[in-house]
Every structure is written in C-alpha cells, then in structure tokens.
S.K.: 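Got a structure for you, questions after.
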2 protein chains.
Amino acid sequence: MSTPERLIESTRELLWERGYVGTSPKAIQQRAGAGQGSMYHHFSGKPDLALAAIRRTAEELRAAAEERFAVPGTAVERVTAYLRREREVLKGCPIGRLTQDPDVMADPVLRAPVDETFAWLRARIADVLAEGRDRGELDAGLDPADTASTVVAVLQGGYVLARAAGSEEPFRRAVDGVLGLLAAHATTGHRAD
Amino acid sequence: MSTPERLIESTRELLWERGYVGTSPKAIQQRAGAGQGSMYHHFSGKPDLALAAIRRTAEELRAAAEERFAVPGTAVERVTAYLRREREVLKGCPIGRLTQDPDVMADPVLRAPVDETFAWLRARIADVLAEGRDRGELDAGLDPADTASTVVAVLQGGYVLARAAGSEEPFRRAVDGVLGLLAAHATTGHRAD
DNA sequence: GTCTATAACGGGATAGAC
DNA sequence: GTCTATCCCGTTATAGAC
C-alpha cells in the first residue's frame with residue numbers, strides 16, 4: 001500500500017477509536033509507519049487528512065447500507081437486513097461519532113460528509129418504507145420519513161447504549177424492540193408470533 | 001456561588017460542549033473565574049473535577065426523567081411525556097456524549113456513572129411499560145425491556161441525527177416515528193388518528 | 001485559599017538537507 | 001518523497017510565596 005493510502009487508513013482507524021480531537025498527526029504517522037515530512041508532503045495537515053478519511057468512511061458506509069436495501073424482499077425484510085447486518089457494535093459508528101467532535105462540527109468542510117451521509121440514509125430508508133406501503137405491505141398510517149428517522153436513530157442510539165454498558169446487549173435489544181414495533185404495522189404480519 | 005461550585009459548573013458546561021478530551025483545566029479555570037492554584041487546591045486534577053461534574057449531571061438527568069415517569073397516566077402517556085420533554089437537542093445528551101470520549105471510557109471510575117445512568121433509565125422505562133402491559137393498556141406481545149432500550153436509543157440517536165443535520169427536525173421525526181409505532185400496540189389506541 | 005512562577009511534555013506545523 | 005531539526009504554543013500539572 002502506498003504511503004498516502006497508509007496515512008488515510010491510519011487516520012480512519014484513529015478517528016474511529018479516538019475521534020478528531022483525540023487524534024494527533026504524530027499518532028497517525030506512527031501507525032502508518034511514515035515520517036513527519038512524508039505526511040506533510042502528501043497532505044496539507046490534519047484537517048486535510050481527516051477529510052480524506054471521513055469521505056472514504058462515508059462512502060463505505062453508504063455502499064454497505066445500499067447492499068442491504070437493494071436485496072429483494074418486503075420493506076420490513078430489507079430494513080431488518082440492514083439493522084441486523086454484522087457490525088462492530090462496541091466500536092460505535094465511525095460517522096456518528098464525529099457528531100460529538102467539536103472541531104469537526106465547527107468546520108463546514110469536515111461536517112458536510114457527516115450531514116450528507118445521514119440525510120442520504122434517512123431518505124433511502126424512507127423510500128424503502130414508502131415502497132412497502134405502496135405495495136400494501138405496510139400500514140398506510142405509518143409515516144415513512146418519521147419511521148426512517150426512528151430506524152436510523154435506534155441504530156445510532158444503540159451504539160451509545162452498547163458503549164455505555166460495555167456490552168452489545170442493549171444494542172440488540174433496541175433493534176429487536178423497534179422490529180417488534182414495526183411488525184405490528186406489517187399488514188400481512190402477526191402481532192405475537 | 002463558591003469557588004468549588006463554580007469550577008464544577010464550568011466543567012459540566014465544557015464537558016457538554018467539548019467533551020473530556022477537548023476540555024482543558026485552563027479553560028475550566030477561565031470560565032469559573034478561578035486561578036490554577038485555586039483549582040488544584042480544591043480538586044486533585046482534571047479527572048477528579050470531571051468525576052464531580054459527571055456525577056452531578058447524571059443525578060440531574062435522572063431526576064428530570066423521574067419527574068416525567070412519576071406523572072399519572074397510561075404507560076404510553078408517561079413515555080411520551082418523557083420523550084417530548086423540552087431538551088437542548090442540538091447540544092446533545094450531556095451523558096451520552098461521554099460515551100464517545102476515549103479517556104472517559106478508559107477510566108472505570110469516570111465510566112461508572114455513565115453506565116449506571118443508562119442502566120437505570122432502561123430499567124425504569126421497562127418498568128413503566130411492564131406496568132402498562134399488566135394493566136392491559138399495552139399489547140402483551142410487546143417486550144418491555146427491548147422496547148425500553150428502543151425508546152432510549154431513539155433519544156440518543158435522535159441527538160446524533162440532529163447534530164449531524166444542524167437541525168432539530170430529525171430528532172422530532174425520530175420521536176414521532178417511535179410514538180407512532182408504539183401507538184399501534186396500545187390496546188385502547190387507534191392506528192391512524 | 002489564592003496567586004504567580006516554573007517545568008516537562010505533546011500537538012501541529014515549517015524548513016531545508018538529502 | 002522522505003528525513004531530521006526546529007519552533008511556538010497549549011496541556012497539565014507542581015512549588016512556593018502571599
């Protein structure tokens with residue numbers, strides 16, 4: 001892997017583990033096995049590297065999500081596939097965590113990919129749910145946009161609860177809980193199976 | 001307000017705004033209008049002050065939540081009162097955000113109040129829901145513990161989405177969404193009112 | 001109790017040699 | 001392209017005077 005590639009990958013890992021404020025150029029260099037001069041040759045500084053790292057992580061997240069939504073099946077099945085997809089629960093969401101980073105939120109350039117990722121995700125899930133409703137799979141009284149926000153929030157909040165507890169359990173429960181609630185709105189579904 | 005009090009309050013604010021890693025003793029002192037010597041006279045250092053601040057914030061959160069749960073009404077009404085309570089949505093949850101702070105999570109002493117707060121909250125909401133179920137207000141098929149985790153996750157995730165979007169809208173939608181889902185499980189409720 | 005000095009260390013970056 | 005040297009500043013204290 002080229003030096004710029006290694007620097008970006010190291011930054012991605014550290015951003016995930018320690019956040020932007022908690023990540024120093026020195027730590028990035030050491031993990032990448034690159035010197036100071038090398039890093040500053042390829043990138044203008046910490047914000048530049050972080051931008052490259054965040055963009056790549058956002059793209060990956062989007063691709064991984066789209067993979068589940070594109071699958072054939074009912075709307076609830078597709079959302080379930082997304083929610084139950086394998087995740088590193090205790091590490092949290094690499095994009096969601098940036099939301100708590102004051103320096104990221106203060107910089108419109110760094111913030112944009114975070115904003116766009118969640119906007120896309122909410123809209124995409126709303127589409128899946130609206131499709132399910134139009135097909136008659138889902139209760140017509142269910143608001144696709146609201147419910148999509150709920151689904152994404154359960155995921156992001158599930159990470160928070162898991163990290164607080166030091167266990168994946170609350171994450172699993174939160175996901176099971178929302179799927180249980182959703183099941184009652186599936187017009188072909190059963191309430192207590 | 002006494003100097004120790006001002007130091008604790010300043011720390012609470014900064015922890016909320018910038019997190020533990022992003023908060024320096026110097027910033028705390030300046031906001032509190034206290035000198036270095038004064039701070040180190042009353043507290044052994046940054047972790048000690050942070051512990052006092054976190055404990056107080058956790059207590060307040062718990063008291064504010066209990067206030068809503070203790071109100072008379074159906075389980076869904078009490079959970080709704082909690083979810084719709086006035087909040088500084090764009091600032092996020094002062095306890096939940098600590099979950100993303102590597103230095104807080106690495107220190108068992110600082111981490112404990114965070115863990116305990118969410119454990120209490122999930123259990124408390126599960127109790128409210130179980131009570132509603134036993135009273136026949138709620139669908140017997142609904143799992144109180146899972147649903148409680150979902151409710152707390154929606155809140156925590158709602159904060160994340162709101163901060164990402166720079167708007168309270170996704171938070172409101174996520175809350176409306178979960179309440180809409182929950183309504184269908186209220187045995188006396190109506191689906192599409 | 002509060003103040004000022006001092007210090008060891010790391011963050012974030014620049015300069016110029018190789 | 002990569003390396004080492006250097007720099008300035010902020011962090012997180014400690015020491016001792018007042």
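Lettering of chains follows the sequences in order, A, B, ..., and the numbering in each one begins at 1. Hydrogens, waters and symmetry mates are skipped; everything else that's a heavy atom, side chains included, is used.
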S.K.: Which residue pairs satisfy the side-chain hydrogen bond (donor to acceptor under 3.5 Å, both in side chains) criterion with at least one member in residues 39-52 of chain B, sequence neighbours excluded?
M.R.: none

S.K.: Taking DNA chain C as the partner, which of residues 33-49 of chain B come within under 4.0 angstrom of it by heavy atom?
M.R.: B:Gly35, B:Gly37, B:Ser38, B:His41, B:His42

S.K.: So, using salt bridge (Lys or Arg N to Asp or Glu O under 4.0 Å) as the criterion, who are the partners of A:Glu169 when residues are at least two apart?
M.R.: A:Arg173

S.K.: Please identify each residue that fulfils side chain to side chain contact (heavy atoms under 4.5 Å, CB included) with B:Arg87, with sequence neighbours left out.
M.R.: B:Tyr82, B:Arg85, B:Val89, B:Leu155, B:Tyr159, B:Phe171

S.K.: Which residues in residues 9-32 of chain A have a heavy atom closer than 4.0 Å to any atom of DNA chain C?
M.R.: A:Thr23, A:Ser24, A:Pro25, A:Lys26

S.K.: Identify whether the distance between the nearest side-chain nitrogen and carboxylate oxygen of B:Glu77 and B:Arg84 falls below 4.0 Å.
M.R.: no

S.K.: Could you tell me the boundaries of the chain B footprint on DNA chain D, defined by atoms under 4.0 Å from its heavy atoms?
M.R.: D:dT11 to D:dT14

S.K.: Do A:Thr23 and A:Arg18 get their side chains close enough for a donor-acceptor pair, meaning under 3.5 Å?
M.R.: no

S.K.: Closer than 3.5 angstrom, by distance alone: can the side chain of A:Asp101 be matched with the main-chain N or O of A:Val21 as a donor-acceptor pair?
M.R.: yes

S.K.: Test B:Leu83 against every option in B:Leu179, B:Ile125, B:Leu182 by the side chain to side chain contact (heavy atoms under 4.5 Å, CB included) rule and name the one that passes.
M.R.: B:Leu179

S.K.: Salt bridge or not for A:Arg135 and A:Glu131, using N-O below 4.0 Å?
M.R.: yes

S.K.: Would A:Arg56 and A:Glu5 count as a salt bridge (charged side-chain N to carboxylate O under 4.0 Å, His left out) if you check the C-alpha gap in whole Å, the side-chain angles of each, and the deciding distance to 0.1 Å?
M.R.: CA-CA 11 Å; A:Arg56 181 170 302 178; A:Glu5 274 305 308; 2.8 Å; yes

S.K.: Should A:Trp16 and A:Leu51 be counted in the same cluster of Ile, Leu, Val, Met, Phe, Trp and Tyr side chains packed under 4.5 Å apart?
M.R.: no

